[in-house]
Colleague: 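If you scroll down you'll find the structure; I have some questions about it.
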Amino acid sequence: MTHSAAPLHDRHRAVMPQWLALYYAEPLELTHGEGRHVWDAHGRRYLDFFGGVLTTMTAHALPEVTKAVAEQAGRILHTSTLYLDRHMVELAERIAALSGIPDARVFFTTSGTEANDAALLLATTHRRSNQILALRNSYHGRSFSTVAITGNSAWSPTSLSPLQTLYVHGGVRSRGPYAHLSDAGFIDACVADLKDVLGQAHGTVAAFVAEPVQGVGGFTAPPDGLYAAFREVLAERGILWISDEVQTGWGRTGDHFWGWQAHGASGPPDLLTFAKGIGNGMAIGGVVARAEVMNCLGANSISTFGGSPVTMAAGLANLTYLLEHDLQGNARRVGGLLIERLRALTAGLPVVREVRGRGLMIGIELAGPDGTPSAEAASLALEHTRELGLLVGRGGREGNALRIAPPLTLTVAEAEEGATALGEALRRTQQDLDGKAGS
């Protein structure tokens with residue numbers, strides 16, 4: 001029997017699933033945070049460049065959000081969607097207006113997985129088809145239906161599915177059969193692939209779902225305009241477009257408020273899903289869709305915890321802070337400086353194959369001595385960044401990419417501090433790999 005005096009990691013392993021991932025050889029227990037920093041149980045401070053998987057969007061312990069949560073918790077914690085809630089209506093009104101979707105309706109959930117699950121229910125019901133188009137290397141959640149449209153095999157534990165998923169090219173620009181093409185050639189090749197796949201579909205296809213920037217996939221993205229070109233093909237067939245904005249929403253990419261806007265010639269998507277950053281750590285997700293699609297369900301439904309008074313109060317306070325302080329603009333300015341600094345610091349390191357991204361959503365792809373994707377390099381780099389007081393994430397199909405997504409209030413000085421630590425961590429990683437190759 002496990003006792004309370006045992007190390008927390010041992011207690012975790014005794015009661016948690018084996019497949020529940022933990023970072024680091026000696027996992028961290030984070031106890032508190034402030035601004036862009038967090039502290040572990042031993043009192044060590046870290047600069048947070050991952051924000052709990054892009055969820056702490058504005059800052060740790062943001063006073064405006066913690067105050068809203070505390071005040072609402074002191075009034076009433078829970079009511080459910082069976083009753084009117086002022087915070088839920090107000091947040092829905094703001095999100096509907098920001099979405100760009102005409103005559104938009106908003107349904108709140110508790111996670112991005114649940115939001116994508118709801119979007120799939122709406123699209124398949126509206127189109128009366130269970131066929132879904134998705135991108136290779138994608139990730140859309142951990143539920144039975146969202147695993148079925150996840151193209152990243154490392155995060156898809158079963159091939160059983162209620163859906164028939166047809167995977168197309170387009171999510172990864174720098175690898176694969178079209179990597180050598182120009183941006184225009186890449187788009188043309190992906191559109192041709194889409195048309196070829198549609199020619200093999202059985203009748204009606206319900207929807208195309210895509211992350212504007214693939215999150216778990218390693219912060220990869222297609223050239224701007226790809227989804228506009230896809231939309232022309234989809235619109236001819238009445239196929240709905242679902243933009244998975246769980247990681248790209250709320251201005252993180254800097255250039256745009258939503259990731260789909262990089263492909264804006266096509267207009268807004270039919271459905272947009274969101275989560276993570278809007279709650280700044282509180283459990284909020286949701287789907288936005290035009291009324292015709294949202295109202296297509298012919299049965300009753302509620303969301304017991306979606307639209308909770310406490311989480312809605314947090315979301316409203318967080319969104320207000322983000323807009324009033326132009327955090328999208330800060331992501332563009334500071335993120336632009338950060339990515340250029342990282343490119344300069346890692347130039348000449350063979351372990352770094354590519355530094356990519358936009359705004360405060362940056363990926364560093366790592367390779368081994370033979371130039372192939374190296375999960376070992378990413379593991380080494382992750383440990384070295386921790387040693388240097390920096391937290392970053394990890395992704396990529398082969399687990400070989402570092403994911404950098406700090407809170408959007410990141411300062412120039414903190415960006416420089418983090419870049420310096422990353423540069424040193426990657427130099428140490430290069431030395432580790434060189435030493436191993438020479439031994």
Colleague: With distance as the sole test, does R36 use its side chain to make a donor-acceptor pair with the main-chain N or O of P407 at under 3.5 Å?
Modeller: no
Colleague: Verify the neighbour count for atom NE2 of H42: are there more than 12 heavy atoms of other residues, nucleotides or ligands below 6.0 Å?
Modeller: no
Colleague: Please round to the nearest 0.5 Å and tell me the distance separating atom CZ of R428 and atom OG1 of T385.
Modeller: 10.5 Å
Colleague: Does any N or O in the side chain of E383 come within less than 3.5 Å of the main-chain N or O of S379, such that one atom is a donor and the other an acceptor?
Modeller: no
Colleague: Can you tell me how far apart CD (Q214) and OG1 (T248) are? Round to the nearest 0.5 Å.
Modeller: 11.0 Å
Colleague: Kindly give the heavy-atom pair with the smallest separation between H140 and I149, and that separation in Å.
Modeller: CD2-O, 3.3 Å
Colleague: Check the pair R252 / L327 against side chain to side chain contact (heavy atoms under 4.5 Å, CB included), numbers first and verdict last.
Modeller: CA-CA 8 Å; R252 176 163 289 281; L327 296 193; over 6 Å; no
Colleague: Go through the steps for E354 and R175 under the test side chain to side chain contact (heavy atoms under 4.5 Å, CB included), then give the verdict.
Modeller: CA-CA 11 Å; E354 182 182 23; R175 286 195 182 275; over 6 Å; no
Colleague: Please confirm whether the backbone N or O of V38 pairs with a side-chain atom of D48, one donor and one acceptor, at under 3.5 Å?
Modeller: no
Colleague: May I have all residue pairs that pass ring pair (Phe, Tyr, Trp, His ring centres under 6.0 Å) and include part of residues 157-181, sequence neighbours excluded?
Modeller: H169-Y178
Colleague: T81: what forms a side chain to side chain donor-acceptor pair (under 3.5 Å) with it, not counting sequence neighbours?
Modeller: none
Colleague: Rounded at 0.5 Å granularity, tell me how far CZ in R356 sits from CD in E365.
Modeller: 4.5 Å
Colleague: Looking at G279 and I284, what are the two nearest heavy atoms and their distance?
Modeller: CA-CD1, 3.7 Å
Colleague: Where the side chain of S156 meets the backbone of N152, is there a donor-acceptor pair that is under 3.5 Å apart?
Modeller: no
Colleague: Applying salt bridge (charged side-chain N to carboxylate O under 4.0 Å, His left out), which residue pairs with at least one partner in residues 223-249 are found, sequence neighbours left out?
Modeller: D224-R358, R231-D270
Colleague: Going by the angle between their ring planes, with limits at 30° and 60°, are W241 and Y227 parallel, tilted or perpendicular?
Modeller: tilted
Colleague: On a heavy-atom basis, which atom in V69 and which in A314 lie closest, and how many Å separate them?
Modeller: CG2-CB, 3.7 Å
Colleague: Report the distance from atom CG of D183 to atom CD1 of I187, rounding to the nearest 0.5 Å.
Modeller: 6.5 Å
Colleague: Can you name the residues that form a side-chain contact (heavy atoms from CB on, under 4.5 Å) with E292, not counting sequence neighbours?
Modeller: H126, R290
Colleague: For a quick test of reading the model, state the closest non-hydrogen atom pair linking T109 to A115 and the distance between them.
Modeller: OG1-N, 3.6 Å
Colleague: Minimum heavy-atom separation for P212 and A221, please, with both atom names.
Modeller: O-CB, 3.8 Å
Colleague: What I'd like to find out is whether the side chain of F50 reaches to under 4.5 Å of the side chain of R403, using heavy atoms alone.
Modeller: yes
Colleague: Indicate yes or no: at least one non-hydrogen side-chain atom of V191 is less than 4.5 angstrom from one of V233.
Modeller: yes
Colleague: I would like to know whether N130 and T124 meet side-chain hydrogen bond (donor to acceptor under 3.5 Å, both in side chains); could you show each step before the answer?
Modeller: CA-CA 5 Å; N130 74 334; T124 54; over 6 Å; no
Colleague: Could you check whether F274 and W258 have their ring centres less than 6.0 Å apart?
Modeller: no
Colleague: Ignoring hydrogens and geometry, is there a side-chain-to-backbone donor-acceptor pair from E114 to T110 under 3.5 Å?
Modeller: yes
Colleague: Check whether the side chains of S111 and R142 place a donor and an acceptor atom closer than 3.5 Å, and report yes or no.
Modeller: no
Colleague: Hey, mind stepping through S374 and N400 against side-chain hydrogen bond (donor to acceptor under 3.5 Å, both in side chains) and telling me if it holds?
Modeller: CA-CA 5 Å; S374 175; N400 67 308; over 6 Å; no
Colleague: Examine distances only and state if a side-chain atom of Y23 and a backbone atom of L391 form a donor-acceptor pair shorter than 3.5 Å.
Modeller: no
Colleague: Between T346 and V352, is there a donor-acceptor pair closer than 3.5 Å when you use the side chain of the first and the backbone of the second?
Modeller: no
Colleague: Looking at every heavy atom in both N137 and R397, which two are closest together, and how far apart are they?
Modeller: OD1-CB, 3.2 Å
Colleague: Within the 3.5 Å criterion, strictly below it, is a donor on H37 or E34 matched to an acceptor on the partner's side chain?
Modeller: no
Colleague: CH2 of W155: more than 12 outside heavy atoms within 6.0 angstrom?
Modeller: no
Colleague: Just checking, any donor-acceptor pair under 3.5 angstrom between side chains of T253 and D255?
Modeller: no
Colleague: I need the full list of salt bridge (charged side-chain N to carboxylate O under 4.0 Å, His left out) pairs touching residues 117-131, with sequence neighbours left out, sorted by first then second residue.
Modeller: none
Colleague: Under a 4.0 Å N-O cut-off, is there an ion pair linking D40 with R45?
Modeller: no
Colleague: Table please: side-chain donor-acceptor pairs of residues 301-310 below 3.5 Å, with sequence neighbours left out.
Modeller:
| unit_1 | atom_1 | unit_2 | atom_2 | d |
| --- | --- | --- | --- | --- |
| S303 | OG | F108 | O | 3.4 |
| S303 | OG | G306 | N | 3.0 |
| S308 | OG | V310 | N | 3.3 |

Colleague: Go through the steps for T429 and L349 under the test side chain to side chain contact (heavy atoms under 4.5 Å, CB included), then give the verdict.
Modeller: CA-CA 10 Å; T429 300; L349 288 178; over 6 Å; no
Colleague: Distance-only, no hydrogens or angles: does the Q72 side chain make a donor-acceptor pair with backbone N or O of A313 under 3.5 Å?
Modeller: no
Colleague: Whether the T146 and N116 side chains hold a donor-acceptor pair (N or O, under 3.5 Å, no angle test) is what I'd like checked.
Modeller: no
Colleague: So, T55 side chain and V53 main chain: donor-acceptor pair closer than 3.5 Å or not?
Modeller: yes
Colleague: At what distance, to the nearest 0.5 angstrom, does CZ of F49 lie from CD1 of I404?
Modeller: 7.0 Å
Colleague: With D434, which of Q431, K436, Q430 fulfils side chain to side chain donor-acceptor pair (under 3.5 Å)?
Modeller: Q430
Colleague: Treating S138 as the side-chain partner and A134 as the backbone partner, does any N or O pair qualify as donor plus acceptor under 3.5 Å?
Modeller: no
Colleague: To the nearest 0.5 Å, what is the distance between CG on L163 and CG on L160?
Modeller: 12.5 Å
